[in-house]
Amino acid sequence: MADDCVFCRIVSGELPVELLYADEHVVAFADVAPKAEVHILVVPRRHVVDVVELADDPAALAALVRAGAALAAERADGAFRLVFNTGAAAGQSVFHAHGHVLAGAGASSGGL
Ligand code: DGP
């Protein structure tokens, strides 16, 4: 767990959120500022800063992708965008890797 990382605090349960999905590698919860009808963050349990670092753990990266697909199928029609803002200049504001799952109404236009 990294000091002062909001997603580590969610993963550990210190910050209570409703988990929409959880397995040994990842947890998922609604984005606090939704940009589409379905806007869920899928987050690795282990602290890594971005998706490039997460790629060193292929099982966790695969779990994240599969969780996104399952959530989009469960909560929309199965179509989804999976967005990884990587680096502050590209809009990343939380430096614990996370995929934005955007599905349902507004998913194709939700700017991130
Ligand atoms: P990004 O800008 O790609 O790093 O996305 C970070 C997202 O995380 C942003 O859409 C807002 C969301 N977020 C930040 N803090 C919290 C939080 O405490 N709870 C939840 N549910 N979402 C958060």
Side-chain angles (χ1 to χ4, degrees):
M1 175 160 169
D3 290 344
D4 296 330
C5 172
V6 65
F7 290 173
C8 283
R9 295 174 70 205
I10 288 173
V11 168
S12 72
E14 182 188 333
L15 273 186
V17 300
E18 181 189 0
L19 293 185
L20 305 178
Y21 177 84
D23 66 22
E24 66 182 298
H25 296 293
V26 298
V27 303
F29 50 89
D31 193 290
V32 74
K35 302 288 195 300
E37 182 182 4
V38 175
H39 185 173
I40 295 170
L41 300 174
V42 188
V43 171
R45 289 184 181 274
R46 190 168 65 87
H47 182 88
V48 292
V49 296
D50 60 27
V51 68
V52 178
E53 197 175 329
L54 184 61
D56 290 336
D57 184 351
L61 181 56
L64 188 156
V65 173
R66 291 193 188 105
L71 287 159
E74 182 185 297
R75 290 163 186 273
D77 63 1
F80 67 104
R81 290 169 61 210
L82 183 55
V83 176
F84 296 93
N85 294 328
T86 305
Q92 186 175 4
S93 61
V94 176
F95 291 87
H96 177 134
H98 53 281
H100 294 259
V101 177
L102 297 151
S108 61
S109 57
L112 268 173

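Counting convention: from 1, in listed order, for ligands and their atoms alike. Because the structure is a prediction, the values reported are computed rather than measured.
Nearest protein heavy-atom contact of atom 14 (C) of ligand 1 is V94 CG2, 4.0 Å. Here the heavy atom of the protein found nearest to atom 1 (P) of ligand 1 is H98 NE2, 3.2 Å. Atom 4 (O) of ligand 1 has as its closest protein heavy atom S93 N, 2.7 Å.
A 6.0 Å sphere centred on CZ of R66 holds no more than 12 heavy atoms belonging to other residues, nucleotides or ligands.
Considering backbone and side-chain atoms alike, H39 places every N or O at 3.5 Å or more from each N or O of ligand 1. Looking at ligand 1, you'll find an N or O of A30 within less than 3.5 Å of one of its N or O atoms.
Among D31, V43, I10, the residue whose heavy atom sits closest to atom 10 (O) of ligand 1 is D31. Among V32, D50, V83, the residue whose heavy atom sits closest to atom 20 (C) of ligand 1 is V32.
L82 and V51 fall within a single hydrophobic cluster, where Ile, Leu, Val, Met, Phe, Trp and Tyr are joined by side-chain heavy atoms under 4.5 Å apart, directly or via other members.
One finds the CZ atom of F84 at 7.0 Å from the CG atom of L54 (value rounded to the nearest 0.5 Å). For the atom pair R81 CZ and L102 CG, the distance stands at 5.5 Å (nearest 0.5 Å).
Of all the heavy atoms of F7, the ones lying under 4.0 Å from any atom of ligand 1 belong exclusively to the side chain. Contacts with ligand 1 closer than 4.0 Å are made by no heavy atom of V17, backbone or side chain. Residue-level proximity to ligand 1 for H100 is carried by the side chain, the only part with a heavy atom below 4.0 angstrom. Here V6 has side-chain heavy atoms under 4.0 Å from ligand 1, and that is the only part of it that gets that close.
Near Q92, with a cut-off below 4.0 Å to any heavy atom, the atoms of ligand 1 are 4 (O).
Between H39 and H100, the angle of the ring planes lies from 30° to 60°, which puts this pair in the tilted group.
Contact of the I40 side chain with the D31 side chain is not registered, since no non-hydrogen atoms from C-beta on lie closer than 4.5 Å. Looking only at side-chain heavy atoms (C-beta outward), L20 and L71 come within less than 4.5 Å of each other.
Remark: side-chain polar atoms of Q92 are paired, donor with acceptor, to backbone N or O of G87 under 3.5 angstrom.
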